[in-house]
**Student:** 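The structure is given below, and queries will be raised subsequently.
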Number of protein chains: 2
Amino acid sequence: MKDGPDIARIGALIGDPARANILSALMNGKALTATELAAEAGITGQTASSHLKKMIEGGLLSQNKQGRHRYFTLAGPEVGATLEALMGLAARKGHLRTRTGPKDPALRNARVCYDHLAGDIAVRIFDNLSARGFLEASSDKGGLRLSPSGSDFVSSLGIDLAALHASRRPMCRACLDWSERRNHLAGGLGAAMLTWFEKQGWVMREPDSRVVHISARGRSELFGLFPAAWPQK
Amino acid sequence: MKDGPDIARIGALIGDPARANILSALMNGKALTATELAAEAGITGQTASSHLKKMIEGGLLSQNKQGRHRYFTLAGPEVGATLEALMGLAARKGHLRTRTGPKDPALRNARVCYDHLAGDIAVRIFDNLSARGFLEASSDKGGLRLSPSGSDFVSSLGIDLAALHASRRPMCRACLDWSERRNHLAGGLGAAMLTWFEKQGWVMREPDSRVVHISARGRSELFGLFPAAWPQK
DNA sequence: CAGATGCTTCGATGGAGATCGAACCATGAA
DNA sequence: TTCATGGTTCGATCTCCATCGAAGCATCTG
């Protein structure tokens with residue numbers, strides 16, 4: 001029973017509603033200040049401060065002091081992935097009676113998962129990439145790598161593959177999507193694709209949520225790039 | 001902030017030490033009775049009963065009534081995978097000061113992860129399978145599938161691939177190993193390989209823990225099957 | 001400098017829930 | 001049937017911790 005790492009510690013951290021709200025708010029990958037997070041969680045600054053301290057100590061968050069502000073982010077991609085997995089459990093079991101909020105359909109369609117794209121559209125893109133043989137299994141930490149043809153494809157988009165290779169971070173990684181219950185692409189390449197989509201003006205992130213909107217042009221461009229798996233409008 | 005599924009609910013479930021111990025005890029995939037679990041967690045039967053009820057309600061456990069006994073298991077592979085992910089966070093951050101117990105080296109070497117093999121050895125096997133091109137990316141739920149050559153290899157072992165295909169469960173799946181921080185093979189095939197190794201007498205499971213021992217013959221046979229990635233004795 | 005804003009620490013309060021004893025139900029054995 | 005064992009329900013207790021008010025420190029602005 002005493003085997004393995006202490007799961008209860010982090011479980012308890014995530015288990016408080018205020019802290020869970022803070023974590024969810026950070027799932028869009030942006031850095032937020034302590035007061036913003038307090039407002040997000042519906043608590044006062046004092047309590048937020050205590051929560052944030054605990055989560056830093058527990059390794060869930062990182063902080064970045066800038067002037068008199070203190071910015072908080074998730075401590076890393078693994079944290080985001082684990083939270084997404086927990087959401088998967090929460091969505092499926094037990095709390096199926098979660099009444100779906102107004103934003104819910106938009107979230108299911110496209111959202112940010114820490115630093116990459118998730119939701120229906122992200123799953124379709126992953127499907128398309130794998131169906132075309134651009135991804136293959138690997139012994140890397142991510143478990144996936146780009147095939148030669150996949151490398152060509154990504155380079156042809158104008159994404160700087162060399163920079164991605166230089167980074168220590170695993171480039172390709174499968175991340176389980178809580179709404180679709182299938183995989184989407186995470187890792188350095190997943191993050192790079194999201195920023196690239198943004199730069200093209202194909203997708204826009206809603207300021208203070210995980211929701212991602214797709215422009216009309218983005219829709220047609222993405223359809224062109226990933227044809228087979230795209231919804232017929 | 002109110003977006004998405006309710007993470008705090010399950011977080012709180014996992015966050016109690018007694019419940020965390022119960023979940024860890026079930027990570028070996030076996031079904032245990034309520035009293036066994038109570039002993040495992042160091043609590044009385046009454047409290048265990050209340051905990052078990054909550055976890056069933058929360059979708060983390062399944063129960064199976066047999067005679068006057070009630071057997072409990074993890075509700076499914078996703079639950080095991082999520083717990084393993086949480087262990088990854090716990091092992092890395094914050095609680096690095098977890099003094100490693102006596103069983104710890106054995107656990108890191110080989111253990112059961114719900115229904116498949118994990119630990120150093122499992123990672124090496126996964127490495128070997130992927131290096132030989134037996135696994136490729138797929139749009140399946142698991143994110144992986146067997147390549148043709150991989151199918152031949154598995155069939156040559158005597159594993160019934162048809163039965164695995166017939167099952168609704170995804171056959172191949174990458175599961176992140178908390179001790180190695182790399183992937184090992186889960187899914188139906190991962191489970192089938194573990195039972196097959198057991199049947200051959202190559203590995204045996206310690207009765208009431210996740211620890212898996214490798215017999216001398218198993219070591220040499222496994223070395224023969226997965227040569228490149230194996231430790232040189 | 002003074003004033004304002006962001007954030008933390010301290011202390012007190014209150015509520016949720018983990019725990020166990022005791023009684024109770026269900027199943028199997030004699 | 002009677003007894004024993006596995007499991008649950010109920011009620012009372014008690015500990016932990018989330019919360020906020022007040023005060024304090026740090027940083028920026030004027």
Side-chain angles (χ1 to χ4, degrees), chain A residues 1-2 6-26 30-73 94-95 208, chain B residues 1-2 6-26 30-73 94-95 208:
Chain A
M1 60 178 175
K2 216 49 168 316
D6 185 7
I7 244 183
R9 219 181 158 73
I10 357 171
L13 279 180
I14 305 175
D16 177 78
R19 284 193 291 256
N21 283 337
I22 290 177
L23 289 170
S24 299
L26 291 173
K30 290 193 179 178
L32 295 178
T33 70
T35 34
E36 286 172 323
L37 289 171
E40 201 72 32
I43 53 181
T44 65
Q46 301 93 301
T47 30
S49 176
S50 127
H51 284 315
L52 292 169
K53 186 180 176 183
K54 285 174 190 170
M55 298 175 101
I56 296 239
E57 209 146 303
L60 293 182
L61 300 183
S62 312
Q63 61 180 342
N64 188 341
K65 196 174 177 179
Q66 277 184 22
R68 59 179 163 182
H69 294 275
R70 192 155 283 195
Y71 286 91
F72 292 87
T73 47
H95 222 215
D208 294 323
Chain B
M1 60 177 173
K2 218 43 170 317
D6 187 7
I7 245 182
R9 220 183 157 73
I10 357 172
L13 279 179
I14 304 173
D16 179 77
R19 284 193 290 257
N21 282 338
I22 291 177
L23 288 170
S24 299
L26 291 173
K30 290 193 179 177
L32 296 178
T33 69
T35 34
E36 286 171 323
L37 288 171
E40 200 70 33
I43 52 180
T44 65
Q46 301 94 301
T47 33
S49 176
S50 125
H51 284 316
L52 292 169
K53 187 179 176 186
K54 285 173 189 169
M55 297 175 101
I56 296 238
E57 207 146 306
L60 293 182
L61 300 183
S62 312
Q63 60 179 343
N64 189 343
K65 196 174 178 178
Q66 276 183 25
R68 59 178 163 179
H69 294 276
R70 190 156 283 195
Y71 286 92
F72 293 86
T73 48
H95 221 217
D208 294 323

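Naming: A, B, ... by sequence-line order, numbering from 1 per chain.
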**Student:** When the distance from CG of B:Asn64 to C1' of C:dT27 is rounded to whole Å, what number comes out?
**Tutor:**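 In whole Å, C:dT27 C1' lies 16 Å from B:Asn64 CG.
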**Student:** B:Thr47 near the nucleic acid: base, sugar-phosphate alone, or nothing, with a heavy-atom cut-off under 4.0 Å?
**Tutor:**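 Since a base atom lies under 4.0 Å of B:Thr47, the category is base.
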**Student:** Could you give the CD-to-P distance, from A:Gln46 to C:dT13, as a whole number of Å?
**Tutor:**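 About 17 Å, once rounded to whole Å.
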**Student:** Go through the structure and list residues passing side-chain contact (heavy atoms from CB on, under 4.5 Å) with B:Gln46, not counting sequence neighbours.
**Tutor:**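 Scan of B:Gln46 (side-chain contact (heavy atoms from CB on, under 4.5 Å), adjacent residues dropped) gives B:Thr44.
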**Student:** Over how many whole Å does the gap from B:Leu13 atom CG to C:dA16 atom P extend?
**Tutor:**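 Whole-Å distance recorded here is 17 Å.
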**Student:** I'd like to know whether B:His51 forms a side chain to side chain contact (heavy atoms under 4.5 Å, CB included) with B:Asp16, so could you lay out the CA-CA distance, the side-chain angles of the two residues, the decisive distance to 0.1 Å, and finally the verdict.
**Tutor:** CA-CA 9 Å; B:His51 284 316; B:Asp16 179 77; 3.6 Å; yes
**Student:** Give me the atom names and distance for the closest heavy-atom approach of A:Ile56 to A:Ser62.
**Tutor:**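 Nearest heavy atoms, A:Ile56 then A:Ser62: CD1-C, 4.1 Å.
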**Student:** Atom CG of A:Leu52 and atom P of C:dT8: how far apart are they, to the nearest Å?
**Tutor:**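 Rounding to the nearest Å, CG of A:Leu52 and P of C:dT8 are 7 Å apart.
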**Student:** If you look at every heavy atom in A:Thr73 and A:Lys30, which pair is closest and at what distance?
**Tutor:**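 The pair with the smallest heavy-atom distance is CG2-O, 3.9 Å.
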**Student:** Quick one: A:Glu57 CD to C:dT8 C1', roughly how many Å, whole number?
**Tutor:**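 Rounding to the nearest Å, CD of A:Glu57 and C1' of C:dT8 are 14 Å apart.
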**Student:** Quickly work out the B:Asn21 CG to C:dT19 C1' distance and round it to whole Å.
**Tutor:**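 That distance rounds to 15 Å.
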**Student:** So, is B:His51 near the phosphate of C:dT19, with a side-chain N or O under 4.0 Å from OP1 or OP2?
**Tutor:**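 Checking C:dT19 against B:His51, a side-chain N or O does come within under 4.0 Å of OP1 or OP2.
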**Student:** Does any N or O in the side chain of A:Arg19 come within less than 3.5 Å of the main-chain N or O of A:Ile14, such that one atom is a donor and the other an acceptor?
**Tutor:**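 Looks like no, no N/O pair under 3.5 Å.
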**Student:** Please name the pair of heavy atoms, one in B:Ala38 and one in B:Ala48, separated by the smallest distance, quoted to 0.1 Å.
**Tutor:**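 Smallest interatomic distance, heavy atoms only, reads CB-CB, 3.7 Å.
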**Student:** Under 4.0 Å, heavy atoms only, any strand: does A:Ala48 hit a base, just the sugar-phosphate, or nothing?
**Tutor:**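 Since no nucleic acid heavy atom lies under 4.0 Å of A:Ala48, the category is nothing.
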**Student:** Roughly, in whole Å, what's the span from CD1 in A:Ile56 to C1' in C:dC7?
**Tutor:**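 So the two atoms are 13 Å apart, to the nearest Å.
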**Student:** Between which nucleotides of DNA chain D, read 5' to 3', does contact with chain B run, using atoms under 4.0 Å from its heavy atoms?
**Tutor:**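 With heavy atoms of chain B under 4.0 Å away, the range is D:dA4 to D:dT9.
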**Student:** Would you please confirm or rule out a distance under 4.0 Å between OP1 or OP2 of C:dC25 and any side-chain N or O of B:Arg68?
**Tutor:**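 It does not, given that no N or O in the side chain of B:Arg68 lies less than 4.0 Å from OP1 or OP2 of C:dC25.
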**Student:** When the distance from CD1 of A:Ile43 to C1' of C:dC7 is rounded to whole Å, what number comes out?
**Tutor:**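 Nearest whole value for this atom pair: 13 Å.
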**Student:** For the backbone of A:Ala20 and the side chain of A:Ser24, can you confirm whether one donor and one acceptor N or O come within less than 3.5 Å of each other?
**Tutor:**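 Yes, because the side chain of A:Ser24 sits within donor-acceptor range (under 3.5 Å) of the backbone of A:Ala20.
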**Student:** With nearest nucleotide decided by heavy atoms, which residue, A:Lys65 or A:Lys54, maps closer to the 5′ end of DNA chain D?
**Tutor:**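 Between the two, 5'-proximity favours A:Lys54.
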